[in-house]
Structure formats: structure tokens, C-alpha cells
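Data block below; observations after.
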Amino acid sequence: MNDVDRLKQIVDDRIESESDALFALGDEILHEPELGFKEHATSERVQRWFKHLGLPFRSGLAVTGAKATLDTGRPGPTVCLMGELDAIVVPGHPHANPDSHAAHACGHNAQIAGLLAAAVALTDDRILSGLSGRIVFFAVPAEEFVELSYRRQLIDAGAIEFIGGKPELIRLGEFDDVDLAMMIHTSAPKHGEKPVELWESLNGLIAKTATFLGKAAHVGNPWDGVNALKASTLAMDAIDAQRETFREDDGVRIHHIIARGGDLVNVVPSEVVIEMNVRGKTAAAIREAGSLVDRCIHSGALAFGARAVVDTLPGYLPLRNDPGLADILIPNVERIFGKECVGYRGHSGSCTDTGDVSHLMPTIQPSMAGASGSGHGVDWAIADRSAAYLSPGKTMAMTAIDLLRGDADRAETILESWEAPMTKAEYLEFQRGIRSQKTFEG
Ligand SMILES: [Zn+2]
Ligand SMILES: [Zn+2]
């Protein structure tokens, strides 16, 4: 067994020896789901682990984020390991909160268990003494792009500027001291799918809220009113009619919910609110699809003589997984799941704010087995706690060792050839440029 193998064996042993506590942690979070920017109890749990491991940390970052730093005492780059704190809204999920309907139906509870598993391993002196640079363990809030009206209130109150946790943490400078980033998302492979999946890229998105304003009237005299619901339906139909014009390579997805559909069934609806996501593979594709959506909303208002107000908010940038980091990470997942365990995929229609981080530094976010059912669905469950809670921790710890061993040569090699798509200033300017409000008079 060579030196690196010995260190990786220590990772395995340390995490296995703490498995009961890590299983309990993952399950406790599962049973106490909290939505984005409200993850106070979950963050407290993380902080108790940081304390227990003797890690200096800061908390209350972007409301609930907690960030611990492990310094080897030798100069070198900083590797950031991330885990997301928030749940998603899934009414009817067996572990949903009865009031908020929050449920860990995306496996973020497993991410936090994995993050702390990595911290358990890397705080071992036998490992730390052979590394250079620093390791940041970052529990990050609000990855799910939900509860837009609540988050708008937070924005109005000055508590946040961006809807998502990582964009907000970037704004606050909490990624300024980080050079490379890594996260592992839980997955539920279907029959024939590999236990680990690595996508080349993921979509980005922007959010639109369209408020159609008509005129209320008794439904017995509809000619006296202006039907905002019908105007919104026509606008959505106009979008649907143009889906065939979306280029496959652009990965455009447009979807909406009716957040408010009218007030009383015997009154012509005078105010209808549609929440939308516009997703795409590139910023240009998202921008183009966004203009199409605006045109369609205008057309609905025009046809009915209604007014439409469209608020556009920046969302997430597309994710690019770094090939250099993949080369280092993959042998570690093969160590856990066996050879040929990685499914290499092209482009995914999903979005994550890890995409924003990937515009500033080499970043990787594979997905890893351990759950069953469908993501964001009532049947999502942790099927294998060892795979879901421990394997991400082992993978991230082993990959951090590879990156930072000796003089951190492997991390330095990746950074030497890295060309950031954006500087932080460009990123903030780009995201802020998306925010707009347009009014269309029909
Ligand atoms: Zn999710
Ligand atoms: Zn997720």
C-alpha cells in the first residue's frame, strides 16, 4: 500500500467508525426539513459538528450558511467542499413538515451528512500533516429556487440580494478565499443506470413573475370585465406554440405555475399571477427565450385589453463540470462503487446554483446513488444510508487529499490551466443586469 492509499484507508476507517453518528445526523435532518433561508435548526446541527471536530467556523452567512476552515498551516490553494441545507416543498411526502410541506425529497440531508463525514476524515492529524493549503467545509442555504414571494420580501428587507444561496454567498465574498469547489448530489438511479453520474453541463435559469391585470365584473355580465385568466392562458398557449422553434442544443425549458388564478368563481378574474422559470444551456439561449416569453405575455394582454407586468429576476448560471477535477475524483468513486461505476452524460435540463460557482472557479458536482423514487416526488427516500450519507464524504475527502497532497501539485496544475468564464465583478454585473420590470398595456 503506498502513501496515498494509506491515507485513503484512513478516510474509509474514520468515516466508518463514525457511521452511527453520521446516519443519525442524516436522519435527523430528514425529519426536520426546512426551506431555503430558514434552515436555522439544520445549520445549528452543522455548527455543533464543527465545534465537536474543533473546526473554527462562521455562521449566519446568507442568513443560515455555516463555513468552517481547516488550515494545514502550509501555503497552497483552498478546496471548498459543499453541502446544501434546504428542503423542497412536497405536500404528501411521508417526511414532509405538516405546516410548510417542506420535505427532503432532493437528498440535501445526505449532502450535509456527507459534508460532515468528509470533515470527520480530514481533521485526522495523520491526513492533515501530509497536505498543503486549506479545506473549507461549507453548509450552504437555499439551493432550491422556490418561495419567490417570500424571498422577494427578504430582498425588499435588505436581508439578501439574490434568490439563491450560492449567488448570495458569492456577493458577500464568501467564495473569495476559495480556489476549487466540489459537491455531490444524491441520486436515485433507475434500472440500468450507473451509481455515479457525471454530466458535462446543466442548464441555467431566470425567473419571471407575470401579473395580468384585467377588470372584475359579474360573470353574468362578462362584457363589463377584462378576463385576466384568459389573457394569461393565451400567453402560455403562445409559448407552447413556439416550443418547436427551440434548438435542441440550447436545452430551453419554460415552465409555469398559476400562483394566483382569480378570486371567486362568479367574478371575472381581474388579477392573475403566473410564476415561470426560463431555463437554457447558455446565457444567450436563456436571454433569447426570455424575450420570447415577454412577447407572448404582451400578446395575451394585447388580445384582451389587459395589462401585464413582468418582473424578471436573475436565477442560476449553467453548470460546467471541470474535466481536470473529474480526472481526480473518478478513481475515488471507482474505489467505492467499483470500476465502470460512472455514467458520463451530456447536458441536463436541471439547474443548480453550483453553476454560478463554476463560472468563477474549477467546480465539480457529480450525483451519487443512495436514494430511490423520483427527485422532488412523494416517493423519494434514502434507500442506502451508507451510499447516501458516507460515500459522498469519502469521495470528497479522498479527492481533497489528491488535490492537496505534498505541495498541492494537482490542485495547482488544474488552476494553472483554468480560465474563469467570469470574474466576480462580471458575474455580479451580469446577474444584476437581468433584473427588470416591464409593463405591457393591452
Ligand atoms: Zn432539488
Ligand atoms: Zn437538490
Between [X] (side chain only) and [Y] (backbone N and O only), is there a donor and an acceptor less than 3.5 Å apart?
X    : Y    : value
E197 : R345 : no
S386 : D384 : no
K230 : A228 : no
D353 : Y316 : no
H108 : D86  : yes
D379 : S374 : yes
S358 : T363 : no
E39  : P141 : no
K194 : E340 : yes
E275 : K208 : no

Any non-hydrogen side-chain atom of [X] less than 4.5 Å from a side-chain atom of [Y]?
X    : Y    : value
Y389 : D27  : yes
Y344 : I330 : yes
I160 : F162 : no
F440 : S299 : no
T186 : M368 : no
L403 : M182 : yes
R432 : P314 : no

Classify the ring geometry between [X] and [Y] as parallel (under 30°), tilted (30 to 60°) or perpendicular (over 60°).
X   : Y   : answer
H52 : W49 : perpendicular
H31 : H95 : perpendicular
F50 : F57 : tilted

* Asked: Would you say the side-chain atoms of S43 and Q47 include a donor-acceptor pair closer than 3.5 Å?
  -> yes
* Indicate whether any N or O donor in one side chain lies under 3.5 Å from an N or O acceptor in the other, for N332 and T399. => yes
Less than 4.0 Å between a side-chain N and a carboxylate O, is that true for [Y] and [X]?
X    : Y    : answer
D356 : K166 : no
R247 : E288 : yes
D12  : R335 : no

To the closest 0.5 Å, what do you measure between [atom1] ([X]) and [atom2] ([Y])?
X    : Y    : atom1 : atom2 : answer
N109 : L85  : CG    : CG    : 11.0 Å
H347 : D250 : NE2   : CG    : 9.0 Å
L319 : S201 : CG    : OG    : 7.5 Å
Q437 : T209 : CD    : OG1   : 10.5 Å
N203 : R253 : CG    : CZ    : 6.5 Å
I434 : I286 : CD1   : CD1   : 7.5 Å

* Centroid separation F138 to F175 less than 6.0 Å -> yes
For the student: nearest non-hydrogen atoms of [X] and [Y], plus distance:
X    : Y    : answer
V265 : V219 : O-CG1, 3.7 Å
V46  : A66  : CG1-CB, 4.5 Å
T123 : L55  : CG2-CD2, 3.8 Å

* **Check against side chain to side chain contact (heavy atoms under 4.5 Å, CB included), V310 and V293** => CA-CA 10 Å; V310 184; V293 165; 5.9 Å; no
Could you go through residues 237-245 and list every donor-acceptor pair under 3.5 Å that involves a side-chain atom there, pairing it with any protein atom two or more places apart or in another chain?
| residue | atom | partner | partner atom | Å |
| --- | --- | --- | --- | --- |
| D240 | OD1 | R243 | NE | 2.8 |
| D240 | OD1 | R243 | NH2 | 2.7 |
| Q242 | NE2 | A238 | O | 3.2 |
| R243 | NH1 | I254 | O | 3.1 |
| R243 | NH2 | I254 | O | 3.2 |
| T245 | OG1 | Q242 | O | 2.5 |

* To do: Any chance you could lay out the side chain to side chain contact (heavy atoms under 4.5 Å, CB included) test for V140 and E84, step after step, and finish with the verdict?
  => CA-CA 5 Å; V140 296; E84 293 161 349; 3.7 Å; yes
* Of all pairs that satisfy salt bridge (charged side-chain N to carboxylate O under 4.0 Å, His left out), the ones with a partner from residues 306-328, not counting sequence neighbours -> R307-E441
Review item, side-chain donor-acceptor pairs of residues 112-120, under 3.5 Å, at least two apart:
none

